[in-house]
Amino acid sequence: MTQEEASMKKGVPEFQDETLDLWKDICGDHMHHGFYQHADSAVSDSDHRLAQVRMIEESLRFAGVSDEEDKKPKRVVDVGCGIGGSTRYLARKYGASCVGFTLNPVHVQKAQALTASQGLDDKVSFQVADALDQPFPDGQFDLVWSLDSGQHMPDKKKFVSELARVAAPGGTIIIVITCHRDLSPSEESLKPEEKALLDKICSAYYLPEWCSTADFVKLLDSLSLQDIKAADWSEYVAPFWPAMIRCALTFKGITSLLCSGWKGIKGALGMPLMIRGYKMGLVKFAIITCRKPG
């Protein structure tokens, strides 16, 4: 394990633990971006909940995952599952056997409790595991699902290789991720001011070095995966970060931040940086899907 990987394995769970209450205030069980049908940032909590479910449905639609009985996924893995919102949703939607995993033991415990309370523990399980070294045999899952987790991976090549390894022949891989803009043909790297902003965001959220949508597509292509397609969904997540700032500035949000310690406060200070990155066209929110040859 590299020093960066070791740092991420320690820093990410600590950051998530300290900010869990703040995230749950706005995100509920679904601790991920929502898919908004308009760019108005003044949306209600119920709108956010609907947008998060819409993100799941739009991702499945984009990937062409079938609802037909003989084609729908039977075995699903949720890579970086948080507290299991997507895992449970996919289990209900498809009647599939679903397993979610994360580096965070606190999230696993919360996910297990929520799953039991919703009567889904016969279909859904959770465990602590590393996305760069998944504890599953080759070709295990019809649907490999990664929503808002890929940006946390210090080794993107290993991350993608593991997604492909555990996918069953003919299985679908869905990656929904925050990344930086694609470089133009005349560019060799991002501009210095862009790199400086990304460095600040990485510091706030314990993120490793970012890559672009095009970089992910190249990685998938190098593994001979099929039907690779990608789309920029940045405009559809525009209200998310302004809403996070509004939540952080409420009495409950401020109290949660003060109780969370420095990591939580640092994360809150990073929110305006994310908004700035989106407005610059530097930060992008993308979906990338593909299929493992059958």
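Not measured: the values here are computed from a predicted model. Counting from 1, the numbers follow the sequence of the chain as shown.
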Query - Same cluster (ILVMFWY, side-chain, under 4.5 Å), Ile275 and Phe285 - result: yes
**Report entry** Exercise: identify the closest heavy-atom pair between Ile228 and Leu225
**Finding:** CD1-O, 3.6 Å
Query raised in the report: About how many Å separate CE of Met271 and CD1 of Ile201, when rounded to the nearest 0.5 Å?
Result: 12.5 Å
**Report entry** Salt-bridge present (Lys158, Asp133; N to O < 4.0 Å)
**Finding:** no
Query raised in the report: Rounded to the nearest 0.5 Å, what separation is found between the CD atom of Gln151 and the CD atom of Glu209?
Result: 14.5 Å
Report task. Answer with yes or no whether the hydrophobic clustering places Leu60 together with Val237; edges join I, L, V, M, F, W, Y residues whose side-chain heavy atoms lie under 4.5 Å apart. Result -> yes
**Report entry** Donor-acceptor contact below 3.5 Å, side chain Lys71 vs main chain Glu69
**Finding:** no
Report task. State the CG-CZ distance between Asp121 and Phe126, to the nearest 0.5 angstrom. Result -> 10.0 Å
Query raised in the report: Is there a side-chain contact between Val176 and Asp148, using heavy atoms and a 4.5 Å cut-off?
Result: no
Report task. Please check if the side chain of Ser203 supplies one atom and the backbone of Lys200 the other of a donor-acceptor pair under 3.5 Å. Result -> no
Query raised in the report: When you look at Lys72 and Asp67, which way does the salt bridge (charged side-chain N to carboxylate O under 4.0 Å, His left out) test go after all the steps?
Result: CA-CA 5 Å; Lys72 66 183 183 181; Asp67 290 336; over 6 Å; no
**Report entry** Heavy-atom neighbours of Arg276 CZ exceed 12 at 6.0 Å
**Finding:** no
Query raised in the report: So, do Val77 and Gln140 sit near enough that their side-chain heavy atoms are less than 4.5 Å apart?
Result: no
Report task. For Lys284 and Ser234, indicate whether the former's side chain and the latter's backbone hold a donor-acceptor pair under 3.5 Å. Result -> no
**Report entry** Working for salt bridge (charged side-chain N to carboxylate O under 4.0 Å, His left out), residues Lys74 and Asp142
**Finding:** CA-CA 6 Å; Lys74 305 293 192 300; Asp142 308 313; over 6 Å; no
Report task. Answer yes or no: is there a donor N or O on one side and an acceptor on the other, between the side chain of Glu187 and the main chain of Ser184, under 3.5 Å? Result -> yes
**Report entry** Sub-6.0 Å ring centroid separation between Tyr94 and Trp145
**Finding:** no
Requested in this report: Begin with the C-alpha distance, continue with both residues' side-chain angles, and end with the deciding distance and a verdict on ring-ring contact (aromatic ring centres under 6.0 Å, His included) for Phe240 and Tyr278.
Outcome: CA-CA 11 Å; Phe240 179 80; Tyr278 273 112; 9.3 Å; no
Query raised in the report: Can you name the nearest heavy-atom pair linking Val79 to Val144, along with the distance?
Result: CG2-CG1, 4.2 Å
Query raised in the report: Is there a donor-acceptor contact under 3.5 Å from the side chain of Asp182 to the main chain of Ala214?
Result: yes
Query raised in the report: Closest heavy-atom contact between Ala164 and Lys292?
Result: O-NZ, 2.9 Å
Report task. Step through the shown structure and confirm whether more than 12 heavy atoms of other residues, nucleotides or ligands are within 6.0 Å of NZ on Lys157. Result -> no
Query raised in the report: If you measure from OH on Tyr236 to NE2 on His33, what distance do you get to the nearest 0.5 Å?
Result: 15.5 Å
**Report entry** Asn104-Thr102 side chain donor-acceptor pair, cut-off 3.5 Å
**Finding:** no
Query raised in the report: Between Arg88 (side chain) and Val124 (backbone), is there a donor-acceptor pair under 3.5 Å?
Result: no
Report task. Measure the SG-CG distance between Cys179 and Asp232 for me, rounded to the nearest 0.5 Å. Result -> 8.0 Å
Query raised in the report: Distance from Lys191 atom NZ to Arg181 atom CZ, nearest 0.5 Å?
Result: 6.0 Å
Query - Chi angles and distances behind the side-chain contact (heavy atoms from CB on, under 4.5 Å) call for Leu197, Val283 - result: CA-CA 10 Å; Leu197 178 57; Val283 176; 5.8 Å; no
**Report entry** Arg165/Asp138 salt bridge by N-O under 4.0 Å criterion
**Finding:** yes
Requested in this report: Would you kindly confirm whether Leu147 and Ile174 end up in one hydrophobic cluster when ILVMFWY residues are joined by side chain heavy atoms under 4.5 Å apart?
Outcome: yes
Report task. Verify the cluster assignment for Val108 and Leu103: are they in a single hydrophobic cluster under the rule of side-chain heavy atoms below 4.5 Å apart? Result -> no
Requested in this report: For residues Arg54 and Tyr36, report the shortest heavy-atom separation together with the two atoms involved.
Outcome: NH1-CA, 3.9 Å
Report summary line: Closest heavy-atom pair, Thr289 versus Ala63, reported as atoms and distance to 0.1 Å, is CG2-CB, 3.7 Å
Query raised in the report: Applying the 4.5 Å side-chain criterion to the ILVMFWY set and letting contacts propagate, would Leu120 and Leu143 be lumped into a single cluster?
Result: no
Requested in this report: Report yes if some heavy atom in the side chain of Pro73 is under 4.5 Å from a heavy atom in the side chain of Thr172; otherwise report no.
Outcome: no
Query raised in the report: Where do Gly82 and His107 come nearest, in terms of heavy atoms and distance?
Result: O-CB, 3.4 Å
Query - Aromatic ring proximity, centroids under 6.0 angstrom, Phe62 and Phe35 - result: no
Query raised in the report: Just wondering, more than 12 heavy atoms not from Lys218 lying within 6.0 Å of its NZ?
Result: no
Report task. Measure up the Phe216 and Phe159 rings against each other and bin them: parallel (under 30°), tilted (30 to 60°), perpendicular (over 60°). Result -> perpendicular
